[in-house]
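A short write-up of the structure that comes next.
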Amino acid sequence: MSSEVRRALVASPTQAARAAEERLRAAYDFVPVEEAEMIIALGGDGYMLQTLHSMLESRRILPIFGMNLGTVGFLMNEWRLDGLDQRLAKAKSFKVNPLRMVVDTVDGEQFSIPAINEVSLLRETRQTAKLEVEVNGRTVLPELVCDGVLVATPAGSTAYNLSAHGPILPLGSALVALTPISPFRPRRWRGAILPEATQIRFTVLNPVKRPVSAVADQREVRDVARVEVRIDRTAPLTLLFDPEHTLDDRIAAEQFIA
């Protein structure tokens, strides 16, 4: 990335991010987001996801270079004030295709929402969820009894998916993870790894007695009847990383953490 590229600077509302924003603005030139060709984002993973979702909603998608001023910062680079131009010039880019969930609710409403990390179906009450699972139009599980189930991208495979004992997927593997959350029956089913072109459909069995919500990253729809999940190739996202600290290296390293 050349230093001549028009870049915008955005920051989460935390004190640390705002202080870093002031220091960067004093040291470098930035333009408004509307005029920018790339974005520098300051914050944590949550703020990175928020910024990516804002671009998806506006349909104006720019490369984004994040610097970590949050907690985990898995999607972020290290915070440093010096050498920003050189870092951007050497940055490696990674394409991430988001998921798209299409939800039909019990009341007949329909929502279409993108997800960068994962789509999760979760029980709303003390009773377990009962779901029928279809893959490419074929019923693979007539009844999955569980606390929930999720579909994760490679970028999201080390987040909620990993906590639910799902597999870590290498970036660029063109796969998605289908992972149950506390499955009761089939008791020994631990999920599946599927090609990213797969269309997955969940039908909630008895949605009134056993209500289920669907969550795309941070956006929730309650009382769902059906959920379809697929990769959305129409809106690829570009994340920029320092060469020595790239996302695929982080994903690989997570497999060796005890």
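Side-chain atoms are counted along with the backbone in the values below, which use heavy atoms only and exclude waters and symmetry mates. These numbers were taken from a predicted model, which means no experiment stands behind them.
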Exercise for the section: For Ile40 and Leu88, run side-chain contact (heavy atoms from CB on, under 4.5 Å): C-alpha distance rounded to whole Å, both residues' side-chain angles, the deciding distance at 0.1 Å, then the answer. Expected result: CA-CA 10 Å; Ile40 311 295; Leu88 296 179; 3.9 Å; yes
Exercise for the section: Before giving the answer on side-chain contact (heavy atoms from CB on, under 4.5 Å), spell out for Val224 and Phe202 the whole-Å C-alpha distance, their side-chain angles and the decisive distance to 0.1 Å. Expected result: CA-CA 10 Å; Val224 305; Phe202 304 99; over 6 Å; no
Problem - Step-by-step side-chain contact (heavy atoms from CB on, under 4.5 Å) determination, Asn206 to Lys130 - result: CA-CA 7 Å; Asn206 203 343; Lys130 290 188 175 182; over 6 Å; no
Exercise for the section: Could you please spell out the steps behind the side-chain hydrogen bond (donor to acceptor under 3.5 Å, both in side chains) verdict for Arg230 and Thr198? Expected result: CA-CA 6 Å; Arg230 58 178 173 79; Thr198 302; over 6 Å; no
Exercise for the section: Determine, stepwise, if the pair Glu134 / Ile200 fulfils side-chain contact (heavy atoms from CB on, under 4.5 Å). Expected result: CA-CA 6 Å; Glu134 296 179 33; Ile200 303 166; over 6 Å; no
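For the side chain to side chain contact (heavy atoms under 4.5 Å, CB included) test with Val204, the passing option among Asp104, Thr105, Leu131 is Leu131; the others fail.
Residues Leu62 and Leu239 share a single hydrophobic cluster, defined by chaining ILVMFWY side chains whose heavy atoms lie under 4.5 Å apart. Leu121 and Val106 fall into different hydrophobic clusters, where Ile, Leu, Val, Met, Phe, Trp and Tyr are joined by side-chain heavy atoms under 4.5 Å apart, directly or via other members. Leu84 and Val31 end up in different hydrophobic clusters when Ile, Leu, Val, Met, Phe, Trp and Tyr side chains are linked at under 4.5 Å. At a threshold of 4.5 Å between side-chain heavy atoms, the hydrophobic network of Ile, Leu, Val, Met, Phe, Trp and Tyr places Leu171 and Leu194 in two separate groups. If you chain together hydrophobic residues whose side chains sit under 4.5 Å apart, Val151 and Ile231 fall into the same group.
The two atoms that bring Pro183 and Cys146 nearest to each other are CA-CB, 3.9 Å, heavy atoms only. Closest of all the heavy-atom pairs between Val119 and Leu99 is N-CD1, 4.0 Å. Scanning all heavy atoms of the two residues, the minimum distance from Met48 to Ile64 falls at SD-CD1, 3.6 Å. When every heavy atom of Ser157 is checked against every heavy atom of Pro167, the shortest pair comes out as CB-O, 3.6 Å. In terms of heavy atoms, Arg123 sits closest to Thr128 at CD-CA, 3.8 Å. Contact between Val103 and Ala214 at its shortest, heavy atoms only, is CG2-CB, 4.2 Å.
Looking at Arg6 and Glu37, a side-chain N of the basic residue comes within less than 4.0 Å of a carboxylate O on the acidic one, giving a salt bridge. Look at Glu132 and Arg201 and you find no salt bridge, because none of the NZ, NE, NH1 or NH2 atoms lies under 4.0 Å from a carboxylate O. A salt bridge links Arg222 with Glu220: the closest approach of a Lys/Arg side-chain nitrogen to an acidic carboxylate oxygen falls below 4.0 angstrom. Comment: Glu21 engages Arg25 in a salt bridge, judged by a side-chain N to carboxylate O separation of less than 4.0 angstrom. Asp85 and Arg7 are joined by a salt bridge, as a carboxylate oxygen and a charged side-chain nitrogen come within less than 4.0 angstrom of each other.
Taking NZ of Lys209 as the reference point, atom OG1 of Thr125 lies at 10.0 Å (rounded to 0.5 Å). Note that the CG atom of Asn97 and the CD atom of Glu196 stand 5.5 Å from one another [nearest 0.5 Å]. To the nearest 0.5 Å, the span separating CG on Leu49 from CG on Leu56 amounts to 10.5 Å. The OG atom of Ser182 lies 8.0 Å from the NE2 atom of His165; values are rounded to the nearest 0.5 Å. Atom CD of Glu22 and atom CG of Leu42 lie 11.5 Å apart (nearest 0.5 Å). Rounded to the nearest 0.5 angstrom, Thr158 OG1 and Asp45 CG are separated by 8.5 Å.
You'll find the side chain of Val133 stays beyond 4.5 Å of the side chain of Val149, heavy atoms only. At a threshold of 4.5 Å between non-hydrogen side-chain atoms, the residues Pro154 and Leu175 do not count as touching. Side-chain contact between Thr153 and Ile116 is absent, with no heavy-atom pair separated by less than 4.5 Å. Counting heavy atoms from C-beta outward, Ser112 and Met101 have side chains that stay 4.5 Å or more apart. Between Leu150 and Ile181, some side-chain heavy-atom pair lies under the 4.5 Å cut-off. Side chains of Trp189 and Leu178 form a contact here, defined as non-hydrogen atoms less than 4.5 Å apart. Within the 4.5 Å cutoff, the side chain of Asp147 has no heavy atoms near those of the Leu122 side chain.
Residue-environment remark: CD (Glu35) exceeds the threshold of 12 foreign heavy atoms within 6.0 Å. Surrounding CZ of Arg18 are more than 12 heavy atoms belonging to other residues, nucleotides or ligands, all under 6.0 Å away.
Between the side chains of Asn136 and Gln199, not a single donor N or O lies within less than 3.5 Å of an accepting N or O. Side chains of Thr179 and Asn161: a donor-acceptor N/O pair is present below 3.5 angstrom, by distance only.
Thr51 places a side-chain N or O within 3.5 Å of a backbone atom of Tyr47 that can act as its donor or acceptor partner. With hydrogens and angles ignored, the 3.5 Å screen pairs no side-chain donor or acceptor of Tyr160 with any backbone N or O of Glu118. At least one donor-acceptor pair closer than 3.5 Å links the side chain of Glu124 to the backbone N or O of Asp223. With hydrogens and angles disregarded, no donor-acceptor distance shorter than 3.5 Å links the side chain of Thr139 to the backbone of Pro142.
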Indicate every side-chain donor-acceptor pair of residues 65-78 with a distance under 3.5 Å to a residue at least two apart or in another chain.
{"unit_1": "Asn68", "atom_1": "OD1", "unit_2": "Gly70", "atom_2": "N", "d": "2.9"}
{"unit_1": "Asn77", "atom_1": "OD1", "unit_2": "Asp242", "atom_2": "N", "d": "2.8"}
{"unit_1": "Asn77", "atom_1": "ND2", "unit_2": "Gly66", "atom_2": "O", "d": "3.0"}
{"unit_1": "Asn77", "atom_1": "ND2", "unit_2": "Leu240", "atom_2": "O", "d": "3.1"}
{"unit_1": "Glu78", "atom_1": "OE1", "unit_2": "Arg80", "atom_2": "NH1", "d": "3.3"}

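Remark: Arg100 engages Asp232 in a salt bridge (charged side-chain N to carboxylate O under 4.0 Å, His left out) (not counting sequence neighbours).
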